[in-house]
Amino acid sequence: MAKRKTFDTRRQAGFTAIAAFCFVMLYLPIVLMAIFSFNGGLALTRWEGFSLVWYVTAWHNEVVQAATIRSVVIAAVATVVSTLVAVLAALAMGRGKSFRGRSAMFALINQPLMVPEIVTAVSLLVVFAWVKTTIGYSGLGYLILAHSAFCIPFAFMPVRARLQGMDQTLEQAAADLYASAWQVFRRVTFPLLWPGVLAGAMLAFVTSLDDVVITEFVKSAGQDTLPTYMLGQMRRNLTPETNAIATVLLVFSVVLVVAFFFVSREKHAKAQL
Amino acid sequence: MIEVDRIHVRFGEGPGAFIALNDVSVTINESEFFTLLGPSGCGKTTLLRSIAGFIHPSGGAIRLAGQNILSLPPFKRPVNTVFQNYALFPHMTVAENVGFGLEMLGRPRAEIAATVEEMLALVKMTAMASRRPSELSGGQQQRVALARALAPKPKVLLLDESLSALDLKLRKEMQIELKRLQSETGITFIFVTHDQEEALTMSDRIAVMSAGTIRQIGTPREIYDHPRERFVADFIGDTNFVQANLSADGTVELPGGARIRAGLQEDAAVAARPVTLVIRPEQTVLEQVPEKAPLSGVLENVVYCGTDTHYHLMLADGARFVVRRQNNPARPVTFEKGQRLGIGFEPQAVQVLEG
Ligand SMILES: Nc1ncnc2c1ncn2[C@@H]1O[C@H](COP(=O)(O)OP(=O)(O)OP(=O)(O)O)[C@@H](O)[C@H]1O
Ligand SMILES: [Mg+2]
């Protein structure tokens, strides 16, 4: 008889059962949520016939409209700012001369991943409250600033990974062929970094769009984003309208991820690194 | 024309620092095919990268046509490199890769297009101008890297083990091609390899390096026939080392007692002392009658190698000696293992080294 070869998790007893269980636990609630967004009645758990009424309701709800616009504006600005910072930080840390405080900088960038979000939220609340009363400004700026900050590590990580995986001799070859530092960056480093930048920006955008905790603490009155609006709805009366909004968000992020997958695959085929 | 003057390269700081180049000096002539040869880690790449500008020596000077270029950044040096891993830009076509240097120099479009075409023709890659590097074989990438480095018509071309990734046949082809390109363009080539055969066949002159220093510089013939020290003799080709005693009269006493007259190096004093003789295996013959030859030994092993056969003998002092004999089925010879045989050679075949 042939000997058992290598250890293979798939052959362990119960593997299929556990996998199926995890899959069901992760996806069943989402599927149920999506199904009930098409419920004709008010109930969240009792099926009363197919209808698009909640989508129509959400579409015409001015509060939802305003929250959506606010969410997108915050996410868009935060994405641009955090991606820019992330690219510069990754370049400073991955290229250029080594400088003092490089690891301190790493700790700074990754603060949002290391400090519990609720702690950051509370401290921001305190600081911003003080700033608001001092300078009198209470617009969207605070939310944008906060989102930009906590999105940086999400934009940073793919960029850094890409930079680390990049062959440094390519940049040396460019310099050897009479390219100045700026030309090396523009013609070689950045084009090769681009898929990482795109991935980082996408992660930052989704992270910002999704944020509840920090937004809830930092926002002024009447500055609900889509997620905090939904949270508020839960306290009042939960209707399938929330399901409808959540489903739209879900479809949106799936489309984003799939689109990115295709874009980066095409890039990859063209320019294999 | 390119003059490396006592450059010193250190990696790390303080007592743990590693000296990669220790006061290396070498002068390379215009249009010369110059090879840096040495074992792994001896500092060949470090010397090349110092010339290209990626490493900053802590002392010395590198002069190109009389001007010290050490203070210039890589992109201001009229020197191009063919990198060990080719380093072709993956997001550009072959033509864009080749034109990159000229583009950075701000040459007009028409001139770039013409030069790219010329270069691609030179390396026989015209048909693949619009491909990406990932769609090329190793040998083809190698040619593109060569064309890219040649396109800006540099004064000096640096090649770092550029052929080592290729299979033997392609490598032989590329050796000939490189030689042809060098003579057609008249550009100075500084070529790095640790393959001694490659160095011997291609170079005008060779510098043999070891542990951050240059041990000997010379033409392939000088290096092979007149190694100045044991390291060089050992590194280049197969060699027999024979312990012997030099007498004040200039003769050498071999193991077994025979005396021969052997040429000393010009600067060596004639005084009695122990010396080492270098004798190449292919410059010796086996004699059936041991007494007829200056050296003799007991045949221990016979190794058939296709074109020739290696005979391993043990000398009177216990040292090993290899005799190489070209195979010729028309004139077969039989030597028995355990037989005592004479080892014959011309006096000119013997190099005398100190120690
Ligand atoms: N950045 C560095 N930091 C520390 N030591 C280094 C560095 N670069 C090279 N060295 C050391 O310097 C020595 C010379 O390296 P170099 O790359 O010049 O060798 P080489 O002759 O090109 O060898 P190979 O034939 O293997 O390419 C080696 O011992 C290497 O370990
Ligand atoms: Mg090397």
Side-chain angles (χ1 to χ4, degrees), chain A residues 87 90-91 94-103 158-159 161-201 260-273, chain B residues 13 45 48-49 51-56 72-93 96-107 112 119 130-136 141 144-154 156-160:
Chain A
V87 170
L91 284 173
R95 295 293 186 268
K97 298 199 180 69
S98 95
F99 54 91
R100 286 184 54 165
R102 207 184 253 221
S103 36
V159 176
R162 186 88 189 169
L163 200 62
Q164 276 177 334
M166 207 161 111
D167 181 6
Q168 284 214 33
T169 54
L170 291 176
E171 287 156 293
Q172 290 179 352
D176 189 64
L177 290 162
Y178 314 107
S180 64
W182 166 244
Q183 284 170 320
V184 171
F185 177 75
R186 202 173 60 81
R187 297 297 306 274
V188 176
T189 317
F190 191 72
L192 295 176
L193 212 56
W194 181 236
V197 175
L198 213 58
F260 170 75
F261 176 75
F262 279 110
V263 167
S264 67
R265 205 179 53 167
E266 192 177 312
K267 276 255 173 215
H268 208 71
K270 260 197 259 164
Q272 241 167 34
L273 260 182
Chain B
E13 305 278 320
T45 298
L48 218 59
R49 291 168 64 81
I51 297 172
F54 298 118
I55 286 179
H56 306 287
L72 298 180
F75 70 93
K76 289 198 176 143
R77 300 188 186 194
V79 169
N80 287 156
T81 309
V82 180
F83 287 82
Q84 195 159 355
N85 61 354
Y86 315 139
L88 296 176
F89 305 127
H91 57 300
M92 298 182 197
T93 64
E96 283 164 354
N97 264 283
V98 175
F100 188 84
L102 292 167
E103 205 186 321
M104 293 301 112
L105 286 172
R107 298 286 162 74
I112 297 177
M119 286 301 141
S130 52
R131 287 209 196 171
R132 305 240 166 207
S134 57
E135 300 160 350
L136 300 177
Q141 291 183 29
V144 176
L146 204 58
R148 184 178 71 173
L150 284 171
K153 308 229 157 61
V156 180
L157 191 72
L158 309 175
L159 302 103
D160 193 353

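Since the model is a prediction, treat every value here as computed from it, not as a measurement. Just so we're on the same page: letters track the sequence lines, and every chain starts at 1.
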Given a strict heavy-atom distance threshold of 4.5 Å, which part of E103(B) is in contact with chain A: side chain, backbone, both, or neither? side chain
Under a 4.5 Å heavy-atom cut-off, does chain A meet the side chain of L158(B), its backbone, both or neither? neither
Which residue out of A149(B), A52(B), A87(B) racks up the most heavy-atom pairs below 4.5 Å with chain A? A87(B)
Does any heavy atom of chain A fall under 4.5 Å from the side chain of V82(B), the backbone, both, or neither of them? neither
Kindly confirm or rule out a cation-pi arrangement of R187(A) over F89(B), judged by NZ or CZ under 6.0 Å from the six-membered ring centre and within 45° of its axis? no
Let me know if Q183(A) has heavy atoms under 4.5 Å from chain B in its side chain, its backbone, both or neither. side chain
Within the structure provided, determine whether P195(A) and R162(A) are in side-chain contact (heavy-atom separation under 4.5 Å). yes
What part of R49(B) gets within 4.5 angstrom of chain A, counting heavy atoms only: side chain, backbone, both, or neither? side chain
Is there side-chain contact between Q172(A) and F83(B), with at least one heavy-atom pair below 4.5 Å? yes
If you take all heavy atoms of I112(B) and R107(B), which pair is closest and at what distance? CD1-O, 3.4 Å
Would you call F185(A) and L91(A) a side-chain contact if the rule is heavy atoms closer than 4.5 Å? yes
